[in-house]
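Here is the naming used below: chain letters follow the sequence lines, and residue numbers restart at 1 for every chain. All values below were derived from every heavy atom in this structure, side-chain atoms included, with hydrogens, water molecules and symmetry-related copies excluded.
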There are 2 protein chains.
Amino acid sequence: MKIHVLAQRTDLTPSAIRFYEKEGLLDARHVQRGQNNYRDYYEEAVEHLLMIRKVQAVGFTLAELKEVIQAYEVNDLPLSKKIELLNQKMQEIDRKKDELEQVHAHLARMLANKMALMDSIEKGSQPK
Amino acid sequence: MKIHVLAQRTDLTPSAIRFYEKEGLLDARHVQRGQNNYRDYYEEAVEHLLMIRKVQAVGFTLAELKEVIQAYEVNDLPLSKKIELLNQKMQEIDRKKDELEQVHAHLARMLANKMALMDSIEKGSQPK
DNA sequence: CTTGACCTTCAAGTATACTTTATAGTTTAG
DNA sequence: CTAAACTATAAAGTATACTTGAAGGTCAAG
């Protein structure tokens, strides 16, 4: 699959995909070069890029992402360290879940406030 | 409370707090100026800044945050629009929760893979 | 066999979220 | 009453995550 097609399927731009590759987020499992030097992507790359987008959307940096990807794939790290890193990142996700819930609760309080204000207006009374 | 104290209590720098103010994320509810022109913060500012940090940690931008804060406080927006915006943001949070769970599941699969590898090594068999 | 739509690399430009530096005024401790 | 430790503003610098532009190679259609 050529870069333009992958871009469409992941809602990214070809430039962004090349950028991720330069940053070390894509490897031989995802891309290969044709005889013309064009990048040729495997089907696997689609899911990989969609995962990158999700990871980004929840506030992780590309550097953190690269750390996990490399820790997983590269063989110069002891298995125990890889497992440790994965567990640590999963804990970070749990923290982020808590934070999301706190933000949600905050917005819900703001909403309740406005709803109450709206009700009082409907009833014809004059709010502050 | 002076800016240095607020900074310590929120784990931010004074510069960052001034920056947030310049970006319109803090208003009269949170700061006032003394006769010496020094900023004087209310207790409320602590929670407000901690909430800003949480919102940032889960992937929202300061621009989005400002939109919600202003929509809530500023009076030139109809109440119905404010309610709409709050509901929309709460939906975005729900989406982010889903994304967090997907990323968590992905990491869990990676972890399971490594754990299995570790088990096979312990048993003395030779993994690939 | 050329035109347009791709592809390549590399460098420079942009937005966001700050930090750092410079310059200057204020407050507090000894 | 002076020196350290704050405070202020403004402007420039930095890191991250891209985008845009330049200059050129490749491919598919007519």
- Item | Closest non-hydrogen atom pair between A:Glu44 and A:Arg29, with its separation | OE1-O, 3.4 Å

- Message: Side-chain N or O of A:Arg39 versus OP1/OP2 of C:dC7: is the shortest distance under 4.0 Å?
- Response: no

- Message: Measuring from the side chain of A:Tyr38 (C-beta onward, heavy atoms only), which nucleotide among C:dT9, D:dG25, D:dT7 has the closest atom?
- Response: D:dG25

- Message: Classify B:Gln35 by what it touches in the nucleic acid, base, sugar-phosphate, or nothing, heavy-atom distance under 4.0 Å.
- Response: sugar-phosphate

- Message: Nearest heavy atom decides the nucleotide; on that basis, is A:Leu62 or A:Ser15 closer to the 5' end of DNA chain D?
- Response: A:Leu62

- Give a yes/no answer on whether the side chain of A:Gln56 brings an N or O atom under 4.0 Å of OP1 or OP2 in D:dT16. no

- Note: for A:Lys22 and B:Thr61 on DNA chain C, the residue whose nearest nucleotide lies more 5' is A:Lys22

- Taking atom P of C:dT8 as reference, at what distance in whole Å does atom CD of A:Gln32 sit? 14 Å

- Query: Which whole-number value in Å describes the distance from A:Leu6 CG to C:dC6 P?
  - Reply: 15 Å

- Query: Within this structure, what is the CG-to-P distance between A:Leu49 and D:dC18, rounded to whole angstrom?
  - Reply: 11 Å

- The reported gap from CD in B:Glu99 to CD1 in B:Ile93 (rounded to nearest 0.5 angstrom) is 12.5 Å

- Query: Can you find a side chain N or O atom of B:Tyr20 that sits less than 4.0 Å from OP1 or OP2 on C:dC18?
  - Reply: yes

- What is the distance, rounded to the nearest whole Å, between atom CD of B:Glu21 and atom P of D:dT7? 13 Å

- Query: If only side-chain N and O atoms of B:Thr13 are considered, is one of them under 4.0 Å from the OP1 or OP2 phosphate oxygen of C:dC18?
  - Reply: no

- Message: Whether A:Lys89 and A:Glu92 form a salt bridge (side-chain N of Lys/Arg under 4.0 Å from carboxylate O of Asp/Glu) is what I want to check.
- Response: yes

- Task: In whole angstrom, give the distance that lies between atom CG of B:Leu26 and atom P of C:dC18.
- Result: 12 Å

- Query: Among D:dA8, C:dT9, D:dA17, which is the nearest nucleotide to the side chain of A:Arg18?
  - Reply: C:dT9

- Within 45° cone of A:Phe60 ring axis and under 6.0 Å: A:Lys96 NZ or CZ: yes

- Item | Atom-pair distance (CE on B:Met1; P on D:dT7), nearest Å | 12 Å

- Pick the nucleotide of DNA chain D nearest each of B:Arg33 and A:Glu23; which residue has the one closer to the 5' end? B:Arg33

- Atom CD of B:Glu64 and atom P of C:dT16 are separated, to the nearest Å, by 11 Å

- Item | Distance-only polar pair, side chains of B:Tyr41 and B:Gln32, donor-acceptor under 3.5 Å | no

- Item | Spacing of A:Asp40 atom CG relative to D:dT26 atom C1', expressed in whole Å | 15 Å

- Query: Does B:Asn36 put a side-chain nitrogen or oxygen below 4.0 Å from OP1 or OP2 of C:dT27?
  - Reply: yes

